[in-house]
Amino acid sequence: MTAILRHESRNQLKSTSLLGGLLVAISFFFLAVFPGIREEAEALEAAFPDILAGMMGFEELHTIEGFTSGWLFPFIWVLLIGIYFAYTSSSFISGDIRSRQLDLLLSNPVSRESVVLQKFASLWVPLVALNAVLFIVLVAGSFLIGETIDIFGLLMTQLLSVPYLLVCGAIGMILSVAIDRVGTAQAGAIGMIFILWMLEGVSELDPDYELLGLIAPSRYYDPSAILVRGEYVIVDAVTLLFGTAALLTIAIIIFVRRDL
Amino acid sequence: MTIIAIDGLTKRYGDVVANDDITFNVEAGEIFGYLGPNGAGKTTTIRQLLGLIKPTEGTAELLGADIRDRKALTAAKANLGYLPDHLGFEDRLTGNQALDYFARMRGDERREELLELFHPPLDRPIETYSAGNRRMLGIIQAFMHDPDLVIMDEPTSGLDPLKQDRLHLFLEEEVADGKTIFFSSHILSEVQRVCDRVGIIRNGAIVEIEDIESLLSRSGKDVWVHFKDDVSPETFLTDEMIDVEEADSAIRFTYTGETNRLIEHLGQFDLVDIDVGDPQLDDIFKHYYGDNLVNPQT
């Protein structure tokens, strides 16, 4: 029943550890420059027009929480790791169609629904590992530069990012079942997450475009609100979970109906 | 008991008819040959049976499960082995890892026994395998869970002659033990050798379902002989030789008669060299079943 999940989970280990290492390096870099930025934070906040600062999520840049949620989370977590989840899942099915791996896999007593769900479920590996790495690095790193970060706030910021990353994975899954060429699906996944992220940024700038941002997953995850202001918008997280379920359902419908 | 029942199976891709109203049954305990030239539509039929592609019209039953009933078909696959023509293994896995992976989904009670007959280098990554090793690994995974039905698509491609013989012998033993084998191939001689009944497919349609006795009479060899001295074609050629080509002191032809008679005939001439091989199936089919017997486009 779970052979595919086990197998795919093992496949995630290598790229997850590579990305984990990269995450450690980037996080330490961010933390290393924080003491310098803290001095300049006021000037920096003043330099940005309010609207732009709001779009980027800059608040309380002189605190470690404001700095982390304003710089590290939007760029590294929401954009980069979001792209990674979509990119990874975009090759789950598409690569296996061309290489005829699915012919062998589906000669087993396993349904197409189960293939999609088990492959998607293997994202638990990067989800757990990268969250653990980020948490440890941020707590330890803050300590090293003489800061104390709000541990509960950090935990909530990471916990509430899980539905966001799952949506990114589900977007990749749709591309994976719909596109045969793995390179195209992967490029599509990168482009899609980037465009949605941009769309949300632009929609915050101009009220005329505000509705457009509603389709962007990053609309429903605001690290600054959580880490700086302690606002835990559970409705947003639930919306993202429903979005994940809906996207996965679409992916399954496409995959079940198509010729391989 | 009927193991595979195919009923009017049709698959169209736009104007191209890959399978045209295919109908036949495969009974329990037989090796059923599915014989046709490359591109005739054999793999299309098999992939429909496995639910990988959907028929445009018609249907089939595999081990009692209607192929349109996805749930029933999935359950039936516990009792199915499949050796595809193109073996899509995950290439960076070792042979052992690939077998372990499939074993978790359907069991591997006969794995050790099969490894005594076919022995690919199981500790090496599959990406380093030769075509023959890849095929052997495919054979092991198809039989290791001891299924009632095994569907094989070009099973001997890549195998050396010795391994081919071993496979043929193995299949005969398996069928004697009650297994059913669906054996798809474009090589006439191997189908003649191992199969009990044969479905002949050409241009997407079934031309004939034959017993092996009648197929044996429809044999053919691609022969090339080089004479020591010039020989006039009139003295050499017989009615069994078709598609004849002559060049200097050499003649190439497709021989449709009985093998011993050919050897006797050749013995009367002084030969420098000779080559005997399997003919293009399409040429043989043209000879036996006519040129325009099937036209799926109409």
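In what follows, every chain begins at residue 1, and chains take the letters A, B, ... in the order their sequences are listed.
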*Asks:* Give every residue pair that meets the ring-ring contact (aromatic ring centres under 6.0 Å, His included) criterion with at least one member in residues 12-33 of chain A, sequence neighbours excluded.
*Replies:*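 For residues 12-33 of chain A, and leaving out neighbouring residues, there are no ring-ring contact (aromatic ring centres under 6.0 Å, His included) pairs at all.
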*Asks:* Closest approach of A:Leu260 and B:Ile53, non-hydrogen atoms and distance?
*Replies:*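 Of all heavy-atom pairs spanning A:Leu260 and B:Ile53, the closest is O-CG2, 3.5 Å.
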*Asks:* So which residue, B:Leu93, B:Leu52, B:Leu80, ends up with the most heavy-atom pairs under 4.5 Å with chain A?
*Replies:*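 So the answer, after comparing B:Leu93, B:Leu52, B:Leu80, is B:Leu52.
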*Asks:* Does CE belonging to B:Met144 count more than 12 external heavy atoms closer than 6.0 Å?
*Replies:*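 Result for CE/B:Met144: enclosed.
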*Asks:* Given a strict heavy-atom distance threshold of 4.5 Å, which part of B:Leu83 is in contact with chain A: side chain, backbone, both, or neither?
*Replies:*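 Neither the backbone nor the side chain of B:Leu83 comes within 4.5 Å of chain A.
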*Asks:* Can you establish whether the number of heavy atoms outside A:Leu211 located under 6.0 Å from its atom CG is more than 12?
*Replies:*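 It does not: A:Leu211 CG has 12 such atoms or fewer within range.
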*Asks:* Considering only heavy atoms, which portion of A:Ile4 lies under 4.5 Å from any heavy atom of chain B: side chain, backbone, both, or neither?
*Replies:*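 Interface part for A:Ile4: both.
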*Asks:* Show the pairs of one donor and one acceptor atom, one from chain B and one from chain A, lying under 3.5 Å apart.
*Replies:*
residue	atom	partner	partner atom	Å
B:Lys11	NZ	A:Asp259	OD2	2.5
B:Arg47	NE	A:Asp103	OD2	2.9
B:Arg47	NH1	A:Leu260	O	2.9
B:Arg47	NH2	A:Asp103	OD1	3.0
B:Arg47	NH2	A:Asp103	OD2	3.4
B:Arg47	NH2	A:Leu260	O	3.1
B:Gly51	O	A:Arg112	NH2	2.8
B:Leu52	O	A:Arg112	NH2	3.1
B:Leu52	O	A:Leu260	N	2.9
B:Lys54	N	A:Asp259	OD1	2.8
B:Lys54	NZ	A:Val256	O	2.9
B:Lys54	NZ	A:Arg257	O	3.2
B:Arg70	NH1	A:Glu113	OE1	3.3
B:Arg70	NH2	A:Glu113	OE2	2.5
B:Lys77	NZ	A:Leu106	O	2.8
B:Glu90	OE1	A:His7	NE2	2.8
B:Glu90	OE2	A:His7	NE2	3.1
B:Glu90	OE2	A:Asn11	ND2	3.1
B:Arg92	NH2	A:Asn11	OD1	2.6
B:Arg106	NE	A:Asn108	OD1	2.3
B:Arg106	NH2	A:Asn108	OD1	3.3

